[in-house]
Asks: 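Input: one structure, supplied below.
All ligand and atom numbering here is 1-based and tracks the order in the structure.
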Amino acid sequence: MATLAALFSLLLRLFAVQPDIIVNNGGDVTTSFTACLATAGVRNVTSHGSPSYDAALRVSIQNLRFAGAGEPKPTAVVVPASLADLRAAVACARAAGLVIRLRSGGHSYEGLSYTTEDNGHTPFAVVDLAALDGVRVDVATSTAWVQSGATLGQVYHAIAVSSPTLAFSAGSCPTVGSGGHIAGGGFGLLSRKYGLAGDGVVDAVMVDAEGRVLDRDAMGEDVFWAIRGGGGGTWGAVYAWRLRLVPVPRHVTAFVVNRPGSVAAVARLVSTWQHVAPRLPDEFYISAFVGAGLPECSNRTAGVVSVTFKGLYLGPRHEALKILTSRFPEIGVSDLNMREMSWIESVVFFSGLPEGSSVSDLTDRVLHTKNYFKAKSDYARCPMGIERLTRVVNLLSEQPKAYVILDPYGGAMDRIGSGELPFPHRKGNIHGIQYLIDWTAEEDEHREEYMDWLRRFYDFMGEFVHKNPRTAYINYMDLDLGTNNWSGSDRRRSSRIDDDGSPNPEVEAARAWGERYFLGNYDRLVLAKTMIDPDNVFRNAQSIPPLVGRPGMTRSPRGISPKVTSNGTTYDS
Ligand SMILES: Cc1cc2nc3c(=O)[nH]c(=O)nc-3n(C[C@H](O)[C@H](O)[C@H](O)COP(=O)(O)OP(=O)(O)OC[C@H]3O[C@@H](n4cnc5c(N)ncnc54)[C@H](O)[C@@H]3O)c2cc1C
Ligand SMILES: *[C@@H]1O[C@H](CO)[C@@H](O)[C@H](O)[C@H]1NC(C)=O
Ligand SMILES: *[C@@H]1O[C@H](CO)[C@@H](O)[C@H](O)[C@H]1NC(C)=O
Ligand SMILES: *[C@@H]1O[C@H](CO)[C@@H](O)[C@H](O)[C@H]1NC(C)=O
Ligand SMILES: *[C@@H]1O[C@H](CO)[C@@H](O)[C@H](O)[C@H]1NC(C)=O
């Protein structure tokens, strides 16, 4: 595997001399960009207008809401094949004046890895990390180097091939990219036992806006903190993560059970779940999907509602059964059909891959059932009370296209401090809430109606959830919360009107949504951004803005001592 070899020789590459990057400023941006890439030896470049452009762009667009002809399109899609290619892609885009859209798995809920939100005024390029997908597991140290373009399925597969008793705590969808996922935290079925994906990162290699190649030491602890949960596309281009793997037993127990019923019956079950699931032993994860048109039920009939429980227990079946019989008999233990399997088989079981899929299918990067969707999120700190829950379930029973996913917190999530990573939603949160509505191409003419329904439902939920501020999870990105407005910021920066040290208006504007994702961690994120990318090269609709034009801040960032020079020739760690 060429990409594996690339990881193997990571240190060698850090010493490698890079070719000069020459930009032809005479032509248009696309011409100067592609010429620059050609000079740097980057081969896999597909420009707008080329016959393979559509395929190269669409391959990992995972929300069809952003695939339409009216969406802003990149001037080119570049697929770096090495660290040198990635550096060249960043440098050439910057030199040509293109905004960079890094894409790992393409699962951004708001399409931020392949489009822009300003009606196409800003020319941009997609830097697609699909070819940087190597995973190298070191069983002796229980760690793995993972290139950021590797999907979670590729990571899980490589770990399982190396050891039946090692795993990594991250999300359940195998086509999600480790680049974007870990950058936003990363919650999954092992998180009550081991925390988020970001909690398991021990080192990283990132290309910053200046083209420097920085590992943890070189980027400094503030930036290393920021990249593990502060959101993708903001700090630099992560080339690889070093993960600490976690132990799992040879056999785990898994089940999925759908419980249809009346609104009142479903509300009662969810209510019991709210009290039980966050307090189960750390080894037990049970999530609840609530809706009237869940994929498990073929009946998308208004008024018929159900809850689906997905359960994983890190231990044998008889223990799982004993725990549920005493703690959650309402789930109906007699027909749970709990099965013992290896951890990697449980990954396939919960992957959403078609029935009969095998462990090697986890390495398929392509999401085969794509749709149009909109999502929003919340956190709950208290159970809701049966009367309120009944109203919630009743609303869901009226819109079969919508559903809610409740992820149990507690366990390790309660024991990790809210400032350990940018992701702050730890102690005291009993579960996350994700609101989703999805539809097909034929139904897309009703898009606004569906999105409005979800927004009204979200408004209705406001009084029952965590408030002041109402919170959200960055990986369930929701642009309704507010967006950056960069138009005019270049002018501000060049005229240096903020040099007097007054608060940057972009930073204060972004606080409105930034504190909902990050609570008290927001200001530290702004400082980390100012250290690593004061010129705001890596930016999107919801990236953390830097404090611009502060004397002494932009050029000599405190706390960061780059040990790799911009030409990559020295590395003195
Ligand atoms: C079907 C589905 C299932 C999901 N399941 C879960 C789940 O179980 N748990 C959970 O926590 N989340 C889940 N998510 C949310 C998911 O974690 C986020 O959408 C995540 O950001 C996707 O990462 P990606 O690399 O696939 O996406 P991308 O769209 O490629 O990237 C997302 C963001 O990160 C940036 N980025 C990508 N690569 C890099 C890089 N190498 N360096 C720096 N920035 C980068 C992008 O520019 C973009 O801003 C799910 C999403 C979907 C669509
Ligand atoms: C470019 O990269 C993509 C993704 O890895 C790959 O499918 C494609 O074959 C590559 N094209 C060329 C010309 O190498
Ligand atoms: C669909 O719902 C109807 C009415 O509730 C029921 O009779 C039928 O069996 C259901 N079909 C399936 C496949 O569940
Ligand atoms: C963004 O900022 C520009 C310049 O400051 C302003 O003209 C424009 O109206 C703003 N756009 C939005 C959507 O607020
Ligand atoms: C690389 O950069 C360093 C410091 O910026 C400089 O001293 C050195 O001469 C450069 N090397 C090459 C080969 O350009």
Side-chain angles (χ1 to χ4, degrees), residues 2-3 42-46 50 52 55-56 59-63 66 77-81 85-86 90 99-116 124 126-133 146-153 169-191 196-198 204-208 226-241 287 310 350-352 365-367 369-371 373 375 377 405 407 423 432 434 436 438 473-478 538-543:
T3 44
V42 181
R43 296 190 125 88
N44 199 327
V45 183
T46 314
S50 120
S52 50
V59 59
S60 72
I61 290 186
Q62 314 293 23
N63 186 350
F66 303 103
V77 178
V78 186
V79 183
D85 277 8
L86 179 57
V90 169
V99 165
I100 298 164
R101 284 288 173 268
L102 299 163
R103 183 164 73 174
S104 168
H107 287 66
S108 167
Y109 276 18
E110 299 280 13
L112 294 195
S113 52
Y114 49 83
T115 187
T116 58
F124 66 102
V126 168
V127 177
D128 191 321
L129 300 152
L132 296 174
D133 66 347
V146 170
Q147 287 183 319
S148 70
T151 61
L152 297 182
S169 174
S172 55
C173 173
T175 52
V176 164
S178 48
H181 184 69
I182 297 175
F187 182 91
L189 285 89
L190 300 182
S191 291
L196 302 174
V205 175
M206 182 173 83
V207 175
D208 76 357
I227 64 174
R228 292 173 294 153
T234 303
W235 318 100
V238 173
Y239 169 72
W241 306 102
S287 61
K310 300 192 177 184
F350 293 113
S351 66
R365 297 188 71 88
V366 180
L367 183 63
T369 48
K370 296 182 182 181
N371 55 17
F373 69 92
S377 65
I405 303 177
D407 269 319
F423 179 101
Q434 190 179 179
L436 286 134
D438 62 42
Y473 174 28
I474 186 82
N475 266 352
Y476 301 155
M477 180 170 272
D478 176 9
F538 292 96
R539 61 179 188 267
N540 60 43
Q542 281 186 349
S543 58

Asks: Which option wins on minimum heavy-atom distance to atom 45 (C) of ligand 1: G105, S191, G233?
Replies: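 Of the listed residues, G233 has the closest heavy atom.
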Asks: Between T46 (side chain) and S52 (backbone), is there a donor-acceptor pair under 3.5 Å?
Replies: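 Side chain of T46 to backbone of S52: no pair is present.
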Asks: Going by a strict under-4.0 Å cutoff (protein heavy atoms only), does atom 53 (C) of ligand 1 have a neighbour on the protein?
Replies: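 Yes.
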Asks: Below 4.0 Å from any atom of ligand 2, which residues have a heavy atom? Give them in chain and number order, please.
Replies: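 Only N44, V79, A131 have heavy atoms that fall under 4.0 Å of ligand 2, ordered by chain and number.
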Asks: Could you tell me, atom by atom, which parts of ligand 1 come under 4.0 Å of a heavy atom of G171?
Replies: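 By the 4.0 Å cutoff, the relevant atoms are 7 (C), 8 (O), 9 (N).
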Asks: Identify the residue among H107, R365, R103 that makes a side-chain contact (heavy atoms from CB on, under 4.5 Å) with S60.
Replies: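 Considering H107, R365, R103, a side-chain contact (heavy atoms from CB on, under 4.5 Å) with S60 is found only for R103.
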Asks: Taking A170's backbone N and O only, do any of them form a donor-acceptor pair with H181's side chain (distance below 3.5 Å, no angle check)?
Replies: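 No; judged by distance alone, with no hydrogens or angles, the pair does not exist.
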Asks: Answer yes or no: does an N/O atom from G180 fall short of 3.5 Å to an N/O atom of ligand 1?
Replies: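 Yes, since at least one N or O of G180 sits under 3.5 Å from an N or O of ligand 1.
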Asks: Which ligand 1 atoms are under 4.0 Å away from a heavy-atom of S172?
Replies: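 Contacts of ligand 1 toward S172, numbered from 1: 8 (O).
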Asks: Should S178 be counted as touching ligand 1, given the test is an N or O pair under 3.5 Å?
Replies: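 In fact, backbone or side chain, S178 has no N or O that close.
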Asks: How does A183 reach ligand 1, if at all, at less than 4.0 Å between non-hydrogen atoms: by side chain, backbone, both, or neither?
Replies: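 Neither; nothing of A183 gets under 4.0 Å from ligand 1.
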Asks: What residues, two or more places apart in sequence or in another chain, satisfy ring-ring contact (aromatic ring centres under 6.0 Å, His included) together with Y476?
Replies: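 Counting only residues at least two positions away or on another chain, Y476 forms a ring-ring contact (aromatic ring centres under 6.0 Å, His included) with Y109, Y473.
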Asks: Should the proximity of Y473 to ligand 1, defined as any heavy atom under 4.0 Å, be assigned to the side chain, the backbone, both, or neither?
Replies: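 Side chain only.
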Asks: Can you find an N/O atom of A237 closer than 3.5 Å to an N/O atom of ligand 1?
Replies: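 No: no nitrogen or oxygen of A237 is under 3.5 Å from one in ligand 1.
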Asks: Out of all atoms in ligand 1, which are within 4.0 Å of some heavy atom of S148? Include the element for each.
Replies: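 The atoms of ligand 1 under 4.0 Å from a heavy atom of S148 are 41 (N).
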Asks: Show which atoms of ligand 1 fall inside a sub-4.0 Å distance from at least one heavy-atom site of N540.
Replies: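 Every atom of ligand 1 under 4.0 Å from some heavy atom of N540: 49 (O).
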Asks: Ignoring angles and geometry beyond distance, decide whether S108 reaches within less than 3.5 Å of ligand 1 through its nitrogen or oxygen atoms.
Replies: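 For ligand 1, there is an N or O atom that lies under 3.5 Å from one belonging to S108.
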Asks: Please list, in number order, the atoms of ligand 1 under 4.0 Å from a heavy atom of G236.
Replies: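 Answer, ordered by atom number: 42 (N), 43 (C).
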Asks: Could you tell me which atoms of ligand 1, counted from 1 in the order shown, lie closer than 4.0 angstrom to a heavy atom of G186?
Replies: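 Counting atoms of ligand 1 from 1, those under 4.0 Å from G186 are 11 (O).
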Asks: Can you tell me if R101 has a non-hydrogen atom under 4.0 Å from ligand 1?
Replies: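 The answer is no: ligand 1 sits nowhere under 4.0 Å from a heavy atom of R101.
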Asks: Considering only heavy atoms, does Y476 approach ligand 1 within less than 4.0 Å through its side chain, its backbone, both, or neither?
Replies: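 Within the 4.0 Å criterion, Y476 contacts ligand 1 through side-chain atoms alone.
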Asks: For atom 42 (N) of ligand 1, which of V176, V238, V207 has the closest heavy atom?
Replies: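 Comparing heavy atoms across V176, V238, V207, the nearest one to atom 42 (N) of ligand 1 lies in V238.
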Asks: Is it the side chain (CB and beyond), the backbone, both or neither of R103 that lies under 4.0 Å from ligand 1, heavy atoms counted?
Replies: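 The answer is both.
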Asks: Main chain of S108, side chain of S113: is a donor-acceptor contact present, judged purely on distance under 3.5 Å?
Replies: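 A pair under 3.5 Å: no.
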Asks: For atom 40 (C) of ligand 1, which of the options T234, L86, L129, L436 provides the nearest non-hydrogen atom?
Replies: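 Checking each option, the heavy atom nearest atom 40 (C) of ligand 1 is found in L129.
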